[in-house]
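Report on the structure given below.
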Amino acid sequence: MKRQAEKNRILLVEDEEQLLSLTEALLDERGYQVSTAQTGQSALEALECSTFDLVILDLNLPDRDGLEVLSKFREGNQVPVIIVSARTDGKDRIDAFDRGADDYLTKPFLPKELLARMNVCLRRNPPAKPKKSGEFFKIDDESQRLTLGGTQVELTSREFSLLQALATEPG
């Protein structure tokens, strides 16, 4: 098969083991770099520590509602989110869009339809800049945040620009 997305990083959040495996295999076959999470908490941790170009999010997660995960994620991030859920009620769809979802696909779904919707979202949004991190710090260029030892540090835009330059300079 043709590899379409060599550089796109996808976070797949799904608690159903079989669907997770099948979707991950589909995306991997298409050349996406796929990270997975099976709980809302692990999804939020992955989103805090890594940069993704697209998130595919189930709403029915074992530890918290996917809409809550979406709301928390949207507090400082504009990466496209496609909801893939068994919930077919119009209220759930509207709530998802109100909280920042970019698309909503109901289960069961056609794999080609998921890929088509992903392509639309990825065309509209340039690839995210990776987060820089070391043993005790994380620098997120997109949200302009510095996390030091697990604590967010407030910086002026000038301080952040200086930090960014120092972090990217060799040596």
Side-chain angles (χ1 to χ4, degrees), residues 1-90 92-133 138-143 145 147:
M1 286 237 144
K2 181 181 171 188
R3 291 189 167 275
Q4 300 174 354
E6 292 293 335
K7 296 179 185 172
N8 291 114
R9 295 169 304 255
I10 309 298
L11 176 61
L12 174 60
V13 186
E14 174 61 61
D15 66 319
E16 292 177 38
E17 196 69 46
Q18 186 175 14
L19 184 56
L20 177 74
S21 296
L22 289 171
T23 307
E24 182 179 17
L26 171 73
L27 299 178
D28 186 56
E29 181 181 293
R30 295 297 196 279
Y32 293 101
Q33 295 176 12
V34 183
S35 296
T36 62
Q38 291 184 287
T39 65
Q41 183 60 38
S42 60
L44 290 171
E45 289 169 3
L47 291 165
E48 186 177 312
C49 296
S50 299
T51 303
F52 297 96
D53 299 307
L54 178 74
V55 176
I56 299 171
L57 176 64
D58 182 18
L59 294 183
N60 298 321
L61 299 172
D63 62 336
R64 61 179 71 187
D65 189 88
L67 291 172
E68 178 187 334
V69 174
L70 176 62
S71 294
K72 285 190 178 287
F73 177 58
R74 277 292 178 237
E75 288 174 5
N77 206 316
Q78 293 305 312
V79 173
V81 177
I82 298 176
I83 301 296
V84 177
S85 179
R87 297 185 196 174
T88 58
D89 185 38
D92 289 318
R93 288 176 184 229
I94 292 166
D95 199 10
F97 286 121
D98 285 345
R99 293 181 188 220
D102 294 278
D103 204 345
Y104 195 109
L105 185 61
T106 56
K107 297 177 186 177
F109 58 88
L110 296 171
K112 286 185 177 183
E113 183 177 4
L114 174 62
L115 293 170
R117 290 171 185 255
M118 289 174 59
N119 286 333
V120 168
C121 286
L122 290 168
R123 272 196 311 263
R124 291 183 186 153
N125 296 283
K129 295 179 182 178
K131 296 178 182 179
K132 300 170 191 75
S133 63
K138 286 184 265 182
I139 300 171
D140 184 352
D141 292 337
E142 188 173 301
S143 65
R145 292 183 180 169
T147 305

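Just so it is clear, the model here is predicted, and its values are computed rather than measured.
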**Request:** Please identify each residue that fulfils side chain to side chain donor-acceptor pair (under 3.5 Å) with Glu45, with sequence neighbours left out.
**Result:** Gln41
**Prompt:** Is Asp95 salt-bridged to Arg99, cutoff N-O under 4.0 Å?
**Reply:** yes
**Asked** For the side chain of Asn119 and the backbone of Leu115, is there at least one donor-acceptor N/O pair under 3.5 Å apart?
**Response** yes
**Prompt:** To the nearest 0.5 Å, what is the distance between CG (Asp92) and CG (Leu67)?
**Reply:** 6.5 Å
**Message:** I need the full list of salt bridge (Lys or Arg N to Asp or Glu O under 4.0 Å) pairs touching residues 106-117, with sequence neighbours left out, sorted by first then second residue.
**Reply:** Glu14-Lys107, Glu16-Lys107, Asp58-Lys107, Asp103-Arg117, Glu113-Arg117
**Request:** Scan residues 66-81 for pairs that pass salt bridge (Lys or Arg N to Asp or Glu O under 4.0 Å), counting only residues two or more places apart or in two chains.
**Result:** Arg64-Glu68, Arg74-Asp102
**Item:** side chain to side chain donor-acceptor pair (under 3.5 Å) involving Asn60 - partner list, sequence neighbours excluded
**Value:** Arg87
**Message:** Under the criterion side-chain contact (heavy atoms from CB on, under 4.5 Å), I'd like the reasoning laid out for Leu70 against Val81: C-alpha separation, chi angles, the key distance, then a yes or no.
**Reply:** CA-CA 8 Å; Leu70 176 62; Val81 177; 3.9 Å; yes
**Request:** Walk me through it: do Leu27 and Thr23 pass the test side-chain contact (heavy atoms from CB on, under 4.5 Å)?
**Result:** CA-CA 6 Å; Leu27 299 178; Thr23 307; 4.2 Å; yes
**Prompt:** side-chain contact (heavy atoms from CB on, under 4.5 Å) between Leu19 and Phe109: does it pass, once the steps are laid out?
**Reply:** CA-CA 11 Å; Leu19 184 56; Phe109 58 88; 4.2 Å; yes
**Message:** Strictly distance-based, threshold 3.5 Å: is any side-chain N or O of Asp15 a donor or acceptor partner for the main-chain N or O of Leu61?
**Reply:** no
**Prompt:** Mind checking what makes side chain to side chain donor-acceptor pair (under 3.5 Å) contact with Thr39, not counting sequence neighbours?
**Reply:** Ser42
**Message:** I'd like to check the side chain to side chain donor-acceptor pair (under 3.5 Å) partners of Asp63; sequence neighbours left out, ordered by chain and number.
**Reply:** none
